[in-house]
Trainee: 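My questions will all concern the structure given below.
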Amino acid sequence: MRPLSEYEISVGQVLQARVYDRGGKLLLEAGHVVGSETSRSALIARGYVMDDSGLTRAAGAAAARPIESTPVAIRKSSAPTPWPEKPVAGLARVREELASIVRSLGRPDEELGPALGDQLNELGTRLVRYVGQDPDCALAVMQLSSREDGPASRPVHAAILTDLLARKLDLAEAERNSLIGAALTFDCTLSRLADVFNEQRAELTDEQRRAIQDHPVCAVQSLRALGVDDPIWIDAVAQHHERMDGSGYPLGLQGDAISRGARIIALVDIYCALIRPRAYRGAVSATEAMRAIFLERGKLVDEGLAASMIREIGVFPPGALVRLEKGEIGLVYRRGEVPGKPRVRLLLDRMGRPIADRPEHDSSTAGEGIAEALSAERYQGLLTGQIKLWE
């Protein structure tokens, strides 16, 4: 075998041959499309192909001849794709890169591990930058996410909430960064089963139950294989399914025995799970999700943290669809100074007719407040493309 050359692989192109690691273990089948620069860099770092693969035999021969003897131009390596400047596109890129990393976690080894660990840290840094640039936009990205965004959406959303809550709690930067890493990876070993679980109506099999019960421990093992040894990060992942009343797993920890980081991740995980649809139920509105968390404070979730999250995010966060007291339907655009009184962009008038210019409305105005939260799934067609309001 010989090392995979950077000239033989490009983002968006189909692999023409199987790729192996140094020990001969198959990494990717021929026909796989390399989806991101992260994947491409990882494959170049560790990939090998058979000597007779014929990937670029002709190109290699041409490159060996003097340049003046051949009209064939030598292809330069692909430059890394620049990161977007604005949060909407940037957070979508974070999601895509995370999906690529998580797909590799099923094959961690000593050679690839540290590289992926560094990439996870970089994604966390990028996410913090985008959330800090426009927190309301980050919340809208989360609320307006669809099934098509894939299973990596949920950890990205959890990381967005973790960042906002950590800022609200005035946590030290190092602790905040550790918890964002935990939010991006707490379910990393369940990623391949996420779509199955979300679409499954039948009861879980015994094997599926074991996978769920064991996934905090498996996630920690995978992270350690990547060189992640940050105790705040590791403890948060290991304990994110523990509950304040001792009813959680895998150890049945209770109260202060659960790390603060794990209590934060547990809280945002519950919220993110509620607002995404499942086969057996529709997505719960942000308002109902906050109400559910409020009712579980002190039992399943930390009471003080739950109160802080409700104050920070609000019962009508950006991206939530609402009906106003006078009958108009709008999309929450910015959190307001008064709790529960955000600024809204109007989509439909009280007769149900579209409002073309999407005017901004202050719901703190007397008699013009929010009457109720609406189901995003019911109005899915109306919401398509509305994320552009934050671009």
Trainee: Hey, does T185 have a side-chain heavy atom less than 4.5 Å from the side chain of P155?
Mentor: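 Not touching, per the 4.5 Å side-chain cut-off.
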
Trainee: Is E368 salt-bridged to K326, cutoff N-O under 4.0 Å?
Mentor: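 Looking at E368 and K326, the cut-off is met.
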
Trainee: Could you check whether S145 and R276, counting side-chain N and O atoms only, form a donor-acceptor pair closer than 3.5 Å?
Mentor: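 The answer is yes; a qualifying pair exists.
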
Trainee: State, to 0.1 Å, how close L165 and S308 come at their nearest heavy-atom pair, and which atoms those are.
Mentor: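 Smallest heavy-atom distance, with atoms named: CD1-CB, 3.9 Å.
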
Trainee: Flag the pair F316 / T287 as yes when at least one side-chain heavy-atom distance between them is below 4.5 Å, and no otherwise.
Mentor: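 Heavy-atom side-chain distance check passes, below 4.5 Å.
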
Trainee: Is the shortest heavy-atom distance from the side chain of L98 to the side chain of L120 under 4.5 Å?
Mentor: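 With C-beta onward as the side chain, the pair touches.
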
Trainee: Does L346 offer a backbone N or O that forms a donor-acceptor pair with the side chain of E328 under 3.5 Å?
Mentor: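 No, the answer is negative, given that no donor and acceptor are paired below the 3.5 Å cut-off.
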
Trainee: Would you call D136 and R334 a salt bridge, using N to O less than 4.0 angstrom?
Mentor: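 Salt bridge between D136 and R334, a charged N being under 4.0 Å from a carboxylate O: yes.
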
Trainee: Is the number of heavy atoms from other residues, nucleotides or ligands under 6.0 Å of E372 CD greater than 12?
Mentor: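 Yes, enclosed.
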
Trainee: Taking all heavy atoms of V88 and all of C137, pick out the closest pair and write down the distance.
Mentor: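 Answer, listing the atom of V88 first, then C137: CG2-SG, 3.5 Å.
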
Trainee: The test is salt bridge (Lys or Arg N to Asp or Glu O under 4.0 Å); show your working for R343 and D362 and say whether it passes.
Mentor: CA-CA 5 Å; R343 302 193 68 82; D362 185 355; 3.5 Å; yes

Trainee: Has the side chain of S363 got a donor or acceptor atom that lies under 3.5 Å from a matching backbone atom of I370?
Mentor: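 Side chain of S363 to backbone of I370, a donor-acceptor pair under 3.5 Å: no, none is there.
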
Trainee: Working to the nearest 0.5 angstrom, can you tell me the gap between L295 CG and M290 CE?
Mentor: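 So the CG of L295 and the CE of M290 are separated by 13.0 Å.
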
Trainee: Enter the distance from L91:CG to K86:NZ here, rounded to the nearest 0.5 Å.
Mentor: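 Output value for this atom pair is 14.0 Å.
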
Trainee: Under 4.5 Å between any side-chain heavy atoms of I293 and M309, yes or no?
Mentor: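 Contact flag for I293/M309 side chains = yes.
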
Trainee: When you compare the side chain of L389 with that of L331, does any pair of heavy atoms fall below 4.5 Å?
Mentor: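 Side-chain contact under 4.5 Å: yes.
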
Trainee: Do R129 and P87 make a side-chain contact, defined as non-hydrogen atoms from C-beta onward lying under 4.5 Å apart?
Mentor: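 Result no, sub-4.5 Å side-chain heavy-atom pair not found.
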
Trainee: Give, for atom CD1 of I265 and atom SG of C272, the distance between the pair rounded to the nearest 0.5 Å.
Mentor: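 That separation rounds to 9.5 Å.
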
Trainee: Would you mind reporting whether L347 and P354 have side-chain heavy atoms less than 4.5 Å apart?
Mentor: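 Not touching, per the 4.5 Å side-chain cut-off.
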
Trainee: Indicate whether the side chain of H240 and that of D269 have a donor and an acceptor atom separated by less than 3.5 Å.
Mentor: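 Note: H240 and D269 side chains miss the donor-acceptor criterion.
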
Trainee: Run V156 and V141 through side chain to side chain contact (heavy atoms under 4.5 Å, CB included) and show every step you take.
Mentor: CA-CA 10 Å; V156 170; V141 165; over 6 Å; no

Trainee: Evaluate the side-chain proximity of I270 to R243: yes if any heavy-atom separation is below 4.5 Å, no if none is.
Mentor: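 Sidechains of I270 and R243: in contact.
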
Trainee: Considering only NZ, NE, NH1 and NH2 on the basic side and carboxylate oxygens on the acidic side, decide whether E312 and R167 come within less than 4.0 Å.
Mentor: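 No, E312 and R167 are not salt-bridged.
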
Trainee: Can you tell me how far apart CG (L226) and CD (Q119) are? Round to the nearest 0.5 Å.
Mentor: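 So the gap between those two atoms works out to 9.5 Å.
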
Trainee: Determine, stepwise, if the pair V131 / L139 fulfils side chain to side chain contact (heavy atoms under 4.5 Å, CB included).
Mentor: CA-CA 9 Å; V131 174; L139 286 170; over 6 Å; no

Trainee: Donor-acceptor check, side chain of K388 to backbone of G385, threshold 3.5 angstrom: yes or no?
Mentor: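 Yes.
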
Trainee: Determine, for R210 against D214, whether the closest basic-nitrogen to carboxylate-oxygen distance falls under 4.0 angstrom.
Mentor: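 No salt bridge links R210 with D214.
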
Trainee: Going by the angle between their ring planes, with limits at 30° and 60°, are W390 and Y333 parallel, tilted or perpendicular?
Mentor: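 If you compare the ring of W390 with that of Y333, the planes turn out tilted.
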
Trainee: Would one find more than 12 heavy atoms of other residues, nucleotides or ligands at under 6.0 Å from atom CG of D357?
Mentor: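 More than 12 within 6.0 Å, yes.
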
Trainee: So, the side chain of R263 versus the backbone of I258: is there a donor-acceptor pair under 3.5 Å, distance only?
Mentor: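 The answer is yes, because a donor-acceptor pair under 3.5 Å joins these two groups.
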
Trainee: Supply the atom-to-atom distance M244 CE to L305 CG, rounded to the nearest 0.5 angstrom.
Mentor: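 M244 atom CE to L305 atom CG measures 8.0 Å (nearest 0.5 Å).
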
Trainee: Which pair of heavy atoms, one from S259 and one from Q239, lies closest together, and at what distance?
Mentor: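 So the two residues come closest at N-OE1, 2.8 Å.
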
Trainee: Test H215 against H241 for side chain to side chain contact (heavy atoms under 4.5 Å, CB included), laying out the working first.
Mentor: CA-CA 10 Å; H215 86 269; H241 275 293; 3.3 Å; yes

Trainee: For residues 168-177, which residue pairs qualify under side-chain hydrogen bond (donor to acceptor under 3.5 Å, both in side chains), counting only residues two or more places apart or in two chains?
Mentor: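 Counting only pairs at least two positions apart or across chains, the side-chain hydrogen bond (donor to acceptor under 3.5 Å, both in side chains) contacts touching residues 168-177 are E175-R260.
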
Trainee: Using a strict cut-off of less than 4.0 Å between a Lys/Arg side-chain nitrogen and an Asp/Glu carboxylate oxygen, indicate whether D229 and R224 qualify as a salt bridge.
Mentor: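 R224 and D229: not salt-bridged.
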
Trainee: For the pair T125 (side chain) and N121 (backbone), establish whether a donor and an acceptor sit closer than 3.5 Å, ignoring hydrogens and angles.
Mentor: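 Yes; judged by distance alone, with no hydrogens or angles, the pair exists.
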
Trainee: Quick one: closest heavy-atom pair of R335 and P135, and the distance?
Mentor: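 Heavy-atom minimum between the residues: NH2-CB, 3.4 Å.
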
Trainee: Between R291 and E288, is the closest basic N to carboxylate O distance under 4.0 Å?
Mentor: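 Counted as a salt bridge, because a side-chain N and a carboxylate O are separated by less than 4.0 Å.
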
Trainee: Drop me the distance from T162's OG1 to L179's CG, to the nearest 0.5 angstrom.
Mentor: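 Reported to 0.5 Å precision, the distance equals 7.0 Å.
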
Trainee: With under 30° as parallel and over 60° as perpendicular, where do the rings of W83 and Y130 fit, or are they tilted in between?
Mentor: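 Plane angle between 30° and 60°, so tilted.
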
Trainee: Would you sort out whether V322 and I329 count as a side chain to side chain contact (heavy atoms under 4.5 Å, CB included), showing the intermediate values?
Mentor: CA-CA 6 Å; V322 296; I329 291 178; over 6 Å; no

Trainee: Could you tell me whether F294 atom CZ has more than 12 heavy atoms of other residues or ligands within 6.0 Å of it?
Mentor: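 It does not: F294 CZ has 12 such atoms or fewer within range.
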
Trainee: Ignoring hydrogens and angles, tell me if any N or O in the side chain of R345 forms a donor-acceptor pair with the backbone of R358 under 3.5 Å.
Mentor: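 Yes, because the side chain of R345 sits within donor-acceptor range (under 3.5 Å) of the backbone of R358.
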
Trainee: Kindly check if the number of other-residue, nucleotide or ligand heavy atoms within 6.0 Å of CD (E337) is above 12?
Mentor: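 Not more than 12 within 6.0 Å, no.
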
